[in-house]
Amino acid sequence: MLDDLTDKIYEAAFVPDLWPEVLKGINSASASVGGAVFLFADEQPVRGRTVPLLQDLLNEFLLGDTLQFSAAVSRMCAVQPASFVDVESFLTAEEIENDPIRVRLRALGIGAHTCTAIPMPSGEMAIFVFQRRLGEGRYDAGSFDILDGLRPAMARASLIAARLGLERAKGTVAAMTAMGLPAAILSSRGHVLVANQLFESMGSTFLPVAFGGMAIVDADANRLFQQAVVAARGDAEPSVRSIPVPAAADRSPLILHVLPLRRSAHEIFSGADILVAATAVNASSMVPSPTLLAGLFDLTPAEARLASALSQGRTLTEAAASANITVKTGRTYLERIFAKTGTRQQSQLVALLKGTEPFR
């Protein structure tokens with residue numbers, strides 16, 4: 001069920017009219033009744049999609065100034081939770097009672113909220129929010145696990161949806177131009193069918209190989225990329241699909257996103273099966289936040305907190321203590337982080353994480 005829902009999330013990235021049904025599917029999986037996705041970008045109005053039950057109310061919010069006066073919206077934009085969280089835990093009882101959005105939702109029988117924020121390397125931010133009916137109580141650990149399991153797909157779909165402005169992709173060339181990102185579409189076997197000019201100009205990063213395929217110059221990144229291509233065609237278990245490509249003398253670090261093209265998206269891209277899009281990140285001495293790390297590398301919230309602590313120069317023992325976990329658990333998390341970031345040593349990991357400031 002969740003695999004099918006994941007495919008639908010990716011499809012909605014290119015066909016945003018499908019978001020209401022996708023959100024309803026996530027509702028069914030997480031025992032929710034309301035759901036919405038909002039996209040925030042500098043100097044652009046807030047955009048959003050929701051379930052049919054709340055569509056009229058969402059339209060009213062987007063046209064008016066209700067969102068900017070909402071304590072819940074302001075708090076979630078400031079906190080930017082790296083996983084789905086209980087929104088009520090971040091608000092006082094008075095704020096919940098008086099928040100203009102919550103007042104309107106209570107009139108429709110809507111109660112507890114959960115939310116996550118997904119900041120993107122390209123500067124936009126997506127917020128997904130789901131709600132339960134009044135009297136059904138708050139979200140439990142099982143529902144959070146389901147939502148967090150779907151979050152990586154939501155993140156990659158949001159990246160594309162934000163670049164397309166929540167508009168339907170109108171054919172291969174138009175969509176790849178509108179994205180404004182280096183992008184290529186591949187067959188199920190990894191053969192490059194079409195690449196835009198931004199992608200083709202990155203010859204120092206992407207290499208053509210036999211039979212029309214492609215590879216990444218960095219060996220560790222290429223290993224993860226080839227695994228992602230196999231997984232995208234359904235021949236293996238899902239693997240990491242946001243792949244870090246470390247900086248080199250002639251290039252900045254990149255994050256390479258691999259999205260399977262399913263159903264309508266498959267037709268939009270003339271029968272192609274995989275979209276590859278790259279987002280740049282700027283090298284920085286700043287320590288990346290756990291939220292950014294979770295969005296970039298598919299890290300779980302716990303893994304992201306540990307990685308962030310390590311990037312501050314702490315030892316594994318110190319980082320584990322700061323995350324309130326044992327050193328043994330920390331080592332387990334670190335092995336998973338290595339696998340997801342294509343690194344093999346803690347020094348490599350820290351060097352990579354120091355290069356993950358959002359690109360604007």
Side-chain angles (χ1 to χ4, degrees), residues 9-19 37-49 117-128 152-186 192-206 214 216 221 225 228 232 241-245 247 250-261 264-270 272-284 292 295-297 355-360:
I9 290 171
Y10 286 126
E11 182 184 13
F14 304 97
V15 190
D17 286 345
L18 297 177
W19 275 118
V37 53
F38 295 93
L39 295 176
F40 299 84
D42 292 340
E43 300 178 1
Q44 292 188 25
V46 180
R47 291 157 291 172
R49 298 276 177 158
I118 302 171
M120 303 172 206
S122 47
E124 302 93 346
M125 183 170 68
I127 284 185
F128 283 85
M154 296 181 196
R156 278 181 287 274
S158 298
L159 173 68
I160 301 302
R163 305 303 291 187
L164 296 177
L166 268 181
E167 298 293 333
R168 182 186 175 96
K170 296 179 174 63
T172 303
V173 175
M176 294 175 73
T177 301
M179 276 190 285
L181 300 171
I185 57 170
L186 282 60
V192 178
L193 302 178
V194 179
N196 63 15
Q197 188 173 355
L198 290 171
F199 192 93
E200 291 178 340
S201 68
M202 300 176 68
S204 63
T205 302
F206 305 112
M214 64 167 279
I216 303 172
F225 172 69
R241 286 178 174 164
S242 289
I243 300 162
V245 183
D250 56 348
R251 68 173 186 270
S252 299
L254 299 169
I255 309 297
L256 195 65
H257 306 277
V258 180
L259 285 76
L261 299 172
S264 301
H266 181 75
E267 300 305 320
I268 289 171
F269 287 91
S270 304
D273 298 287
I274 301 165
L275 173 79
V276 177
T279 53
V281 291
N282 291 335
S284 169
L292 180 59
L296 288 177
F297 301 125
T356 52
E357 180 186 11
F359 173 75
R360 296 180 185 273

Under the salt bridge (Lys or Arg N to Asp or Glu O under 4.0 Å) test, residues paired with Arg49 that sit two or more places apart | Asp17

Mind checking the [atom1]-[atom2] spacing from [X] to [Y]? Nearest 0.5 Å is all I need.
X	Y	atom1	atom2	answer
Met179	Asn196	CE	CG	7.0 Å
Thr205	Phe199	OG1	CZ	9.0 Å
Leu259	Ser242	CG	OG	8.0 Å
Thr172	Leu275	OG1	CG	10.0 Å
Ile127	Ile118	CD1	CD1	9.5 Å
Lys170	Thr177	NZ	OG1	13.0 Å

Heavy-atom distance under 4.5 Å between the side chains of [X] and [Y], does that happen here?
X	Y	result
Arg168	Ile268	yes
Pro260	Arg241	yes
Leu256	Phe206	yes
Leu181	His257	no

Test Phe225 against Val245 for side-chain contact (heavy atoms from CB on, under 4.5 Å), laying out the working first.
-> CA-CA 10 Å; Phe225 172 69; Val245 183; over 6 Å; no

Heavy atoms only: give me the nearest Ala157-Ala13 pair and the separation to one decimal.
-> O-CB, 3.5 Å

Whether His266 side chain and Ala272 backbone form a donor-acceptor pair below 3.5 Å = yes

Taking side-chain hydrogen bond (donor to acceptor under 3.5 Å, both in side chains) as the test, write out the residues that go with Gln44, two or more places apart.
-> Arg47

side-chain hydrogen bond (donor to acceptor under 3.5 Å, both in side chains) filter on Ser264, not counting sequence neighbours, yields Glu11

